Structures are given as structure tokens and as C-alpha cells.
Amino acid sequence: MTKTHRRRSSRFSYLPKDHPTLLSRALYVTQIFHFGDFKCATLLHEGVKKCLPRVFNQTYRDRLAKFETRHARSKGLGMFARCGIPAGSIILVEHPLLIMPRTSSATVSDISCLLSEVHPKERTEFMNLANSQPLEDPLKAIMQTNRLLIDLPVDDPELAAHHAVFLKISRCNHSCSPNAHWKWDSASFTLTLEAVRDIGPSEEITIQYIDSSVDRQQRLDRLRSWYNFDCLCPSCTLPRKSIIHSDFAREELSHLTELMVSFEAWCASEELSDDYMIRMHQRALELREAEGLQLFESRKHIDAIAMCYGALGDVAMFRYWTKKARSLRAPSYVGGCVVLDQWMMDPRRFPVWGWRNSRRGDVL
Ligand SMILES: C[S@@+](CC[C@H](N)C(=O)[O-])C[C@H]1O[C@@H](n2cnc3c(N)ncnc32)[C@H](O)[C@@H]1O
């Protein structure tokens, strides 16, 4: 269902009627997507709307019940594992309730209009979400506290960037050593939350709201100025001596990232040693594990090490690291796992097998 501003609903509005809205500009329309009995209300630029299907075929209903929502001390509510969740498993798949352009001109009236389109139960759930912003209007404050940044599939990056609010993941607190990571898929209009390391029964499930690879002071400053809270995660509440150690480790991690070169450049380089990239990625893995910063980057380091051994034509080490890479893939990643299995059986089928040996000295 697509609506223009002329057909705006006034069933749910907190605002003076003359408040300027994006909807009052002809280029923006509201569109409601139905996922079974769940409604997702979106405010879309015409250019974005054209790129989206009118309906999505699949509906995801989360019946996995791998987590529960309960009090997380001074952090308010939080998500907690009901059972052990192995690294790489899916914790939650969820459709958004609201989607709005990231542009700063989206207003309280725009939020109010979208909320008038969703089911009353979900509207109430939205109104009960956390609000930690010192803003006068609760709608804007709730939106700012809980929104995630997603991209919709359009070429123009300005138009692609949107804010979305999801009811379940909104209860997930931040940690500077998070044990879960979310990703957005615009083809299915879903967010998937995955464990990045093993999560124990009753352990709190956390994500990162900011890039946590910087030192503690920078993290605290960013969380305070962007999200208006003082971080109480395990990494920020360590004793002083351990914080100094952790700050050094995160600084080394950033430095390593700067020293890394592309796979192609390493294959062609005569100056860099055979184990240059492997040592870098192994050290980065060690630091990530010590700091609880596995995220998807750990998987990237493991993939990169497997690729390096493949490029060196080292059968045993290639198999060892490819097996590790495979163990971190979600079981749902069927196609990818089949390919990894084929490479382990016959490493010569790996597309860049022996590349470094044959390309060393190539001019890129
Ligand atoms: C998206 S909500 C997360 C769920 C929220 N705790 C609730 O009760 O619904 C974000 C808010 O939770 C709190 N929060 C999240 N992570 C925190 C942390 N590491 N330390 C302190 N407060 C945190 C802050 O108040 C923040 O604005």
C-alpha cells in the first residue's frame, strides 16, 4: 500500500498540525509492507521506492526463543541467552517496524504518521522502548535511542542511508567487547543477529553501537555524545591497570590494520616475506580474542590466512585454516560450506591456488 501526504492519517499524532514534515514534500511517500500479520511502515523517497518490490514473498517469525528480555542492572532491560549459543549461530531474525530516511529533516510528525500505520500492539511496544535522549518529544527520543543505520538498495549513497527501528533487537545493550553482531539484508527486509563467539546460558547478549577498536576514553566520549549514556560494559569497568593493557592492545590492532596490504599486492611482492600477511592476521586474531572483539573481523582474518596458505600452495595449512573458516559459518550458509568442503578435499580447486608462487614479481 502506498500513500502520499494528502492521505495522511491523523489517528496518532502528538504534534501541532503545522509542523513541517518530509511527507509534505512530494518526493516522499509512505509504504506499508506486510509480513504475515506484522506491518512495517516506511517513509521512502520516490527514487528508493522504485527500487523495492511491492511485496516480499517470505515472512520471518522468530520462534527460536534463544533469548529472553530481562533487567540488566543499571542498563535497563537487556537480552539474555536462554541456552548456550555457539559462535556463528543465528540468535534472531526480525523485520523492522519503522524505516525512515537518514536525512536530518525527518521530523516527529513523520514518525507519528508512520506509527499510525502499524498495529496498536506494536505501536505500544515502540512507545515502551528505552528513551535515553534529553529531547522534549518522546517519539524523537525513542527513535534516536533505538534506531539502527541500514542501507536500502539504491545506487545513490545519500538516498540509500536509512534509520530503522526493530522491536526485539532494541533491547540489546552495547558492549565494547560484544558477543553478537547484526546484519541487514534488504532483499528479505530482515535483520539477523548472530553470535560472534560462544555465548553461555544466561549470559547477556550484546552488540556494539560504535566502533569499539579505539581506547576506552574515546569510546566513552562517543557513547556519551552520540547515545547519551556512560558505558557500563565489562571492558569499560575493568580495573585501571587492565584498562591500560586493553588500550595498548586496541591501539596495536589499529596499527596492524594500517600495515596490512591487499592480498593481490602481497602475492606480487618480492619485498614482503611469505609469512608477512599470515603473521599480521594471526596477531590481529590474538588481539581480537583477548579483547573480545571477534565480530566478523575474526572470520575475515581466518579467511585471509587460509587464502595466503592457498596462494603459497601449502596443502596441510590451507586445509587447517579452511576448516576453521568453515566452522565459523552459520549452518544456513549451505552453498558456501559446500564450496569450502570441495576446496578442503581438493585444494587445487581453490581459485587462487599457488598464486604467490606464480605471480611474485608481477607489476600490478
Ligand atoms: C537500544 S537501548 C538498549 C535496551 C535498553 N537497555 C532497554 O532497557 O530497552 C539503548 C539504551 O540502553 C542503555 N545501555 C545500552 N548499553 C549500555 C551500556 N553498555 N552501559 C550503560 N547503558 C547501556 C542506554 O540507556 C542506552 O541508551
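In listed order, ligands and their atoms are each counted from 1. Since the model is a prediction, treat every value here as computed from it, not as a measurement.
- N173 OD1, 3.0 Å is the protein heavy atom nearest to atom 15 (C) of ligand 1.
- Relative to the ring axis of F80, R70 places its NZ or CZ within 45° and under 6.0 Å from the centre.
- Taking a cut-off of under 4.0 Å to the non-hydrogen atoms of C172, the atoms of ligand 1 that pass are 3 (C).
- Nearest protein neighbour of atom 8 (O) of ligand 1, counting heavy atoms only, is L77 N, 2.7 Å.
- Salt bridge annotation for K183-E194: present, with a cationic side-chain nitrogen under 4.0 angstrom from a carboxylate oxygen.
- The single protein non-hydrogen atom nearest to atom 10 (C) of ligand 1 is Y209 OH, 3.4 Å, given as residue, atom name and distance.
- In the model, D221 has a side-chain atom that pairs as donor or acceptor with a side-chain atom of Q217 under 3.5 Å.
- Around the CG atom of D155, the shell of radius 6.0 Å holds no more than 12 heavy atoms that belong to other residues, nucleotides or ligands.
- Among protein heavy atoms, the minimum distance from atom 1 (C) of ligand 1 is reached at S170 O, 3.1 Å.
- Under the 3.5 Å distance criterion, the side-chain polar atoms of S212 are left unmatched by any main-chain donor or acceptor of Q208.
- Among protein heavy atoms, atom 20 (N) of ligand 1 sits closest to L232 N, 3.0 Å.
- For the pair E291 and R250, the salt-bridge criterion is met [side-chain N within less than 4.0 Å of a carboxylate O].
- E289 CD: more than 12 foreign heavy atoms inside a 6.0 Å radius.
- Scanning the protein for heavy atoms near atom 18 (C) of ligand 1, the closest one is F229 CE1, 3.4 Å.
- The closest approach between T206 and ligand 1 stays at or above 4.0 Å for every heavy atom of the residue.
- Not a single heavy atom of L129 sits less than 4.0 Å from an atom of ligand 1.
- Closest protein heavy atom to atom 27 (O) of ligand 1: S132 OG, 2.4 Å.
- Protein heavy atom nearest atom 16 (N) of ligand 1, with residue, atom name and distance: H174 N, 2.9 Å.
- Within the listing of ligand 1, atoms 20 (N), 21 (C) sit less than 4.0 angstrom from a heavy atom of D230.
- Here F263 pairs with W266, C267, M307, A311, V352, W355 under the side-chain contact (heavy atoms from CB on, under 4.5 Å) rule; sequence neighbours left out.
- Between W182 and F166, a ring centre-to-centre spacing not shorter than 6.0 Å is recorded.
- For ligand 1 and R171, the ligand atoms under 4.0 Å from any heavy atom of the residue are 4 (C), 7 (C), 8 (O), 9 (O).
- Atoms of ligand 1 found under 4.0 Å from any heavy atom of N146, numbered from 1 in the order shown, are 1 (C), 2 (S).
- Open room surrounds NE2 on H245; 12 or fewer heavy atoms of other groups in view lie less than 6.0 Å from it.
- Every heavy atom of G78 sits 4.0 Å or more from the atoms of ligand 1.
- Shown in contact with C231 at under 4.0 Å from a heavy atom are these atoms of ligand 1, numbered in order with element: 19 (N), 20 (N).
- Backbone and side-chain nitrogen or oxygen atoms of T145 are examined, and none is located within less than 3.5 angstrom of a nitrogen or oxygen of ligand 1.
- Listed for the N179 side chain is a donor-acceptor partner under 3.5 Å among the backbone atoms of E204.
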